[in-house]
Structures are given as structure tokens and as C-alpha cells.
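Below is one structure, written out as C-alpha cells, with a few remarks after it.
Within every chain, numbering begins at 1; the chains are lettered A, B, ... in the order of the sequence lines, protein sequences first and strands thereafter.
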There are 2 protein chains.
Amino acid sequence: MQKTAVEKSNDPIAAQLAPVGRETVQDRVYLELRRALIGGLFEPSQVLTIRGLADALMTSTMPVREALGRLITEKALEALPNRSVRVPPITLERMDDLLRARILIEGEAIALAATRMSPRQVSVIESMLGEWDEMRALKHKKDVDREVTLNQSFHFEIYRACGSAVLIPMIESLWLQSGPCIRVAIYAFSEAGEVDTAHFHRSIVAALSVQDATVAREALVADISRPFNFLRNKLQSEAASKGTS
Amino acid sequence: MQKTAVEKSNDPIAAQLAPVGRETVQDRVYLELRRALIGGLFEPSQVLTIRGLADALMTSTMPVREALGRLITEKALEALPNRSVRVPPITLERMDDLLRARILIEGEAIALAATRMSPRQVSVIESMLGEWDEMRALKHKKDVDREVTLNQSFHFEIYRACGSAVLIPMIESLWLQSGPCIRVAIYAFSEAGEVDTAHFHRSIVAALSVQDATVAREALVADISRPFNFLRNKLQSEAASKGTS
DNA sequence: ATTTTTGATTTGTGATCACACTTGTATTGA
DNA sequence: TCAATACAAGTGTGATCACAAATCAAAAAT
């Protein structure tokens, strides 16, 4: 990035790309890894090396190690006693643990949001439903990435309306932790002829538009429980078939 | 730390102090800062510099910057646009936000713990009450540090029994964030002739010993709300008197 | 006297190096 | 043939340096 002092003057293009936004390399790496984690691009139990990521992200090891450290403290990654770091493996206990925490905290967030959202804000959320239908219309190629991204935008647009600077980062941390599980579940959905996700989102919007916190919470719980329950069944049946073989 | 290769052989003392525990300097710095934050040793709005902390902790800047990055992601510290980092200032909104989150999550944790704790575990908690009384007996010098530490041990001994690897780190993060507020409140308590904290803890233990999750949750809420309410009143009266002057 | 400008100091960020430790493989021994 | 040892490649950690940006102080101009 910063090799010589000369670059400063002879690199107007880079200056144009980042004219005022003081984005550090460390933050870029952190956000990149975060996105990959939430999207489930890394598979559970996969080990990550500092130098490997540094090469892949075209920087030195320095920003990567700081980003990894931050992700470890949010439990998005796991530090092994060997000092190597991996994405945490999926276990049934951990899944239930994560789901319970998400129901608790995201449920509270949407209940708060339901009482605080203006009709203007609700309409913004509602318009995102249309995007979802669009995507489902041309579903020949199952665009899992876009599905994950859209789902994330939908939920966090709501959570942001709860107005809690404490709850939102916690929810982000929970999504970070459950990202790998979710991706596995969504793949399984696609194979198993998936239920209409938009239906659940419509129920949420309906509850929000009449400011019904209780119903909104219930609808949200149903929505976020779905992939977990699906994955739990899948893992249990796999374990059962393995036990009999 | 690691100057020459010779140190390895000619430093048996250090080897004895850390015979097998592979403690890195980074972790030491992180835990040190964490302890200071929860204990409220830094005052709100105080800015921290990497080199300053590195000198104080007798290491290079490297472990400090990583520790600071980790604390920033848990919202225990705040990154200013200047790239300097400070402990977040206290505002009424933030206090209410923190208290609500703590009631939600710690309440859930103790409710879980109430149903899962063995009588053995309850007796361990109960014995900590005795320590508390001891300390209060010889209270000529108000040992705020010990008070904070003891309170922390009491609560986390309970939370650990909830058995959730997801909730506990979140609670730690919340304590980290509310640490500075609490310290201010405890000082105020000492000045204002403090209420008996042990009384609240006894109520909690009583509820736990009969495995009553609801009562335990209520008792806990009363306990953790106290310093927040006290501090809120203090800040509001200060603001009022400033408005009239 | 107030404002502006300039220069020096401080501070965060990224890169690189040195070292300890782990891991995996090949070589040597029985 | 198999086990144990030794060697080599790889990896995380800490220290140090270079640089840019911010901060602060003093000097200059209005």
C-alpha cells in the first residue's frame, strides 16, 4: 500500500477512489472477512492462516492479524490452542444456543422497532419485499449469495429502527456466529424444494405496519427459527443413519 | 520479551512462572485493559494512546494496538474519526440502552441458571455472601476495587451456570461497556450512605436455592438496576441545577 | 490583540524482520 | 518393515522502522 513517498503524488486514481473516506486497510480486511463469514463462504472447521489471507487480500500480514483478532473476540472465529484460527464447527448444542440468543435479542429489537417505526420506514421495508419477489421470479439459477444478502438487508433495516446502539452490534455478532450454519441450511433448502421465505417476511411487514410488537416478534421468531430447525433435523437424521450403518 | 535466543536457557524463573500456560503478551495486555475497564479505572471520555499504554504496560506498541482493536469491536472503547481511541462518554440514552440490554440478557441467563444449578453450585454462590459480609464488617476504608471484584465474581459465577457459550461473552461485553458508569455510581453510593448490596444478593441466592427462575430474574433486575437508577438521578439533578444557574 | 501560518512533535497505520513453535516429511536406526 | 529421530517448511508473535496525518506551539501578518 504505502511503499514510497512518491506514490502520494503520482497516484491520482487511488486518490479519486478514496477521496475523503478514511478507510484503513485493516477495516477493509475486517469487513471483507465479515462479509465472507456472514455469507457462509468459509465452511465450518476450516482453518485460516494469516499469510494465506494476506496473500488473498493483497496486503501484508499486519491488517489481517488485527482483523482476525477482532473476529475472534466476537466469537466469529475460534483460536485453537495451537494458536491457529478456524471457523467454529457446527454442533447441535451450539446451534440451539445461537438460536435461543437470536430469538431473545432480535425479538426484543423488532419489538422495539415495531413501536418506533414511522410509516415511512415501514414502506421502505415493504418495498424490499418486491425485490425479493423479483429475484424469485427468475430463479432458474439459484443465486444463494443474493438471497443471503437480501435477507440480511431486510432484517437489519428493521433492527436499525430499534434505535439501540447496544443491541445492534450484538445482533451483528450473532449473525457472524451463525453465518456458516445458515449457509449450510440454505443450500439444504434449495435441494429440498424450499418454502417461500417471502411469506414470512410479509407477515413481519404486516405486523410492523400496524405496530403490533407481539405479532412482529412471533413472526420474526418463526422466520429465523426455520433454517435452524431444518438444519437440526438434517444433522439428526444424518447422525441416525450413521449410527445404523 | 523476546530479545535474544539466549534468554530461553538462562531464564528459569520466568519459565517457572509460566511453565506451560502459553500466555501471549497480547492476551496479557488485553486482560489488563479489560480489568481496568470493568473496574472503571479509566474515566469516561478519556483518550488512550497506543504508545502511552505500551510504555505503561512495558511492551511494544504491537500487542497494545491489537488489544485496543479487540476492545473497540466489543464497544468497550470507541474509535474517533481522528483515529484516536477513547472510553465512551456517559449519556442518559446510552445508560438506559445498556440497562435494558443487561436486564434482557442477564435476566435470561439467570433464569436458565436457576433451572440448571445443582445444590452444590448454589452453595458455592452462597458462600460468597459470607465474603461480602466480611468485607463490609471492616469498612473503615471503603475498598471500592474489592467491592467491584467481588460483585463481578458473584454474578459471573451464576451466569457461568447457565451453560450458554453464546450469552456469557455477550454479558462480558455488556459489563465492559457499563464498567465506567458503574464505577461512577459506586463512588456516588459511598458518598450517599449506600444501601446494603448484600441484601439484594441474598434475595438472588434465595430464589436460586429453590430454583425459582422468575423470582431470581426479578431479584437480579432489581440488583443491576440500582446503580443505573442512582446514576440517572444524579445526572438529571446535575443537569437541572446547571440549567437554573 | 487577534488571526493565520508555519514548523515540530505526537500518533496511528502498514511493512518487514527475527524468533519460537508447530507440523509434516524424509532419513536413519533397529 | 516400522519406529524414532532429524531436518525443513510453515505459522504466529513481537519488535522496529517508515510514513502520513493530526495536534500543538510559536512566530508572523493583519
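- The separation between A:Glu66 atom CD and C:dG14 atom P is 7 Å, rounded to whole Å.
- Residue B:Thr59 places its side chain closer to D:dA15 than to any other of C:dT13, D:dA15, D:dT16.
- Taking a cutoff of 4.0 Å between a charged side-chain nitrogen and a carboxylate oxygen, B:Arg102 and B:Asp97 do not qualify as a salt bridge.
- Of the listed nucleotides (C:dT16, C:dT11, D:dT13), C:dT11 has the atom at the smallest distance from the side chain of B:Thr49.
- Nucleotides of DNA chain C nearest to B:Arg51 and A:Ser60 differ in position, and the one nearer the 5' end is that of B:Arg51.
- What separates CG of B:Asp55 from C1' of C:dT10 is a distance of 12 Å, to the nearest Å.
- The 5' end of DNA chain C is approached more closely, in terms of each residue's nearest nucleotide, by B:Ile50 than by the other of B:Met62 and B:Ile50.
- The separation between B:Arg83 atom CZ and C:dG12 atom C1' is 7 Å, rounded to whole Å.
- Note: CD1 (A:Ile72) to C1' (D:dG12) measures 11 Å, nearest angstrom.
- One atom, CE of B:Met58, and another, C1' of D:dA15, lie 16 Å apart when rounded to the nearest Å.
- Nucleotide D:dT13 holds its C1' atom 14 Å from the CZ atom of B:Arg28, rounded to whole Å.
- Here A:Asn82 does not reach the OP1 or OP2 of D:dT11: none of its side-chain N or O atoms lies under 4.0 Å away.
- Regarding B:Leu57, its CG atom lies at a distance of 12 Å from the P atom of D:dA15, rounded to whole Å.
- Here the nucleotide nearest the side chain of B:Thr24, chosen from D:dA15, D:dT13, C:dG14, is D:dT13.
- Surrounding CD of B:Gln46 are more than 12 heavy atoms belonging to other residues, nucleotides or ligands, all under 6.0 Å away.
- Without hydrogens or angle criteria, A:Thr61 side chain to A:Ile50 main chain gives no donor-acceptor distance under 3.5 Å.
- Between A:Gln152 and A:Ile38 there is a side-chain heavy-atom pair separated by less than 4.5 Å.
- Contact annotation for B:Leu48: backbone-only contact, meaning every heavy-atom pair under 4.0 Å involves sugar-phosphate atoms and none involves a base.
- When rounded to the nearest whole Å, the span between CD of A:Gln26 and C1' of C:dA15 equals 14 Å.
- One N or O donor and one acceptor, one from the side chain of A:Arg65 and one from the base of D:dG14, sit under 3.5 Å apart.
- The pair A:Glu172-A:Arg34 counts as a salt bridge, with a side-chain nitrogen and a carboxylate oxygen less than 4.0 angstrom apart.
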